[in-house]
Amino acid sequence: MTRVLVAFAAVLVVWGNVVSWLLGPSAWLPGGSWSFVIAGFALVGISVVAARVMRLDAETVGLAGDPVRGALVGLAIGVGVAAVGVAALRLLGPAIVGRPIDYAPLSSATGPDLARHIAFFLPLGDIFPEEIAFRGVLLGALARRLRPRPAILVAGAVFALWHGGVALATIGDTTLGRPSAWFTPAIVGALLVVFIGGSGFAWLRLRTRTLATTIAAHWALNAVLLVGLWSTRLPVPSGCC
């Protein structure tokens with residue numbers, strides 16, 4: 001079963017980067033198109049098959065615990081972290097780079113565009129597939145074979161590698177893109193943030209024993225970041241979606 005786990009992790013990394021490359025032009029924000037929704041359903045199907053092959057039960061993939069309490073905890077954490085992130089970007093972005101950082105897709109979006117993305121495309125094309133794959137099946141399989149800390153770190157690392165293509169595309173659409181000298185540091189920083197975030201989500205899922213926590217936290221984090229940064233016309237961090 002270890003080989004199945006390794007193969008599943010490899011599929012996730014390849015899937016995330018290939019889908020981002022192929023479907024990226026179809027969406028104005030990551031996950032924001034019907035193509036991403038279809039790809040998300042396909043990823044859920046692959047994850048379910050992998051879980052069955054590895055004989056993971058419902059509790060192992062995060063279908064235990066108290067989902068209502070977990071969702072409330074996740075929402076609170078997601079909103080809090082996003083608020084800090086927006087404030088940090090507003091204060092530190094111009095100070096570090098020397099000028100405001102523009103992200104063209106978000107700066108040209110309308111309110112209805114953003115609302116539709118947050119309510120529909122974000123959860124179906126991004127949040128649910130990622131949480132089921134990473135904090136459900138991958139983390140569940142890792143936690144059966146490893147101690148909690150290495151399982152969390154490995155899940156976070158795979159999550160960061162999944163976002164490689166998203167980081168390149170998003171940073172490339174900002175004033176930090178080439179030929180800016182900040183391009184490489186921005187990519188490294190974005191992937192580090194995603195690794196920390198993915199590890200934090202993994203810890204939350206194991207702590208609360210329910211996927212409802214990380215689904216709510218992931219959605220709230222992205223939604224509040226998008227609304228906060230859209231309202232100030234600052235860029236979306238590459239790892240947020």
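Because only heavy atoms are used, hydrogens play no part in the values below, and waters and symmetry mates are left out as well, while side chains stay in.
In plain terms, the two heavy atoms of N17 and G165 that are nearest each other are OD1-N, 2.7 Å. Here the closest non-hydrogen pair linking L5 and A141 is CD1-CB, 3.6 Å. Scanning both residues, A151 and L139, for their nearest heavy atoms gives O-CD1, 4.0 Å. Between A39 and W15, the shortest heavy-atom contact is O-CZ2, 3.3 Å. A pairwise comparison of heavy atoms in G65 and P67 identifies O-CD, 3.3 Å as the closest pair. The minimum heavy-atom distance between P123 and I118, with the atom names listed, is CD-O, 3.2 Å.
Residues passing the salt bridge (Lys or Arg N to Asp or Glu O under 4.0 Å) test with D113 are R116, sequence neighbours excluded. Annotation: side chain to side chain contact (heavy atoms under 4.5 Å, CB included) contacts of F120 (sequence neighbours excluded): W34, V37, L124.
L225 and W28 fall within the same hydrophobic cluster, defined by Ile, Leu, Val, Met, Phe, Trp and Tyr side-chain heavy atoms under 4.5 Å apart, directly or through other members. A continuous path of ILVMFWY side-chain contacts below 4.5 Å connects L153 to I196, so both sit in one hydrophobic cluster. Side-chain heavy atoms closer than 4.5 Å link hydrophobic residues (I, L, V, M, F, W, Y) into clusters, and following such links, possibly through other members, connects V154 to V13. In the hydrophobic clustering of this structure, V166 does not group with V188; members are Ile, Leu, Val, Met, Phe, Trp, Tyr whose side-chain heavy atoms approach within less than 4.5 Å, directly or through other members. Both F8 and V49 are part of a single hydrophobic cluster, where members link through side-chain heavy atoms under 4.5 Å apart.
No donor-acceptor pair closer than 3.5 Å links the side chain of W230 to the backbone N or O of L114. Checking side-chain atoms of R205 against main-chain N and O of R135 turns up a donor-acceptor pair under 3.5 Å.
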Given the rule in the side chain to side chain contact (heavy atoms under 4.5 Å, CB included) test, do V61 and I132 qualify, once you have shown the distances and angles that lead to the verdict?
CA-CA 8 Å; V61 298; I132 291 169; over 6 Å; no
Would you please test L161 and L191 for side chain to side chain contact (heavy atoms under 4.5 Å, CB included) and show each step?
CA-CA 8 Å; L161 292 173; L191 293 178; over 6 Å; no
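The distance from atom CZ of F36 to atom OG of S20, rounded to the nearest 0.5 Å, is 6.0 Å. Taking CZ from R52 and OG from S47, the interatomic distance works out to 14.0 Å, rounded to the nearest 0.5 Å. Atoms CG and OG1, from L221 and T214 in turn, are 12.0 Å apart once rounded to the nearest 0.5 Å. The CE atom of M54 lies 10.0 Å from the OG1 atom of T2; values are rounded to the nearest 0.5 Å. Rounded to the nearest 0.5 angstrom, E131 CD and T213 OG1 are separated by 10.0 Å.
The shortest side-chain heavy-atom distance between R69 and T210 does not fall under the 4.5 Å cut-off. Here the side chains of L12 and L43 are in contact, with some heavy-atom distance below 4.5 Å. Counting only heavy atoms from C-beta outward, the side chains of L226 and L29 approach each other to under 4.5 Å. No side-chain heavy atom of W219 sits under 4.5 Å from any side-chain heavy atom of D126.
Between the side chains of T60 and D57, at least one donor N or O sits under 3.5 Å from an acceptor N or O.
Listed by first and then second residue, the ring pair (Phe, Tyr, Trp, His ring centres under 6.0 Å) pairs involving residues 133-152 are F134-F159, F134-W162 (not counting sequence neighbours).
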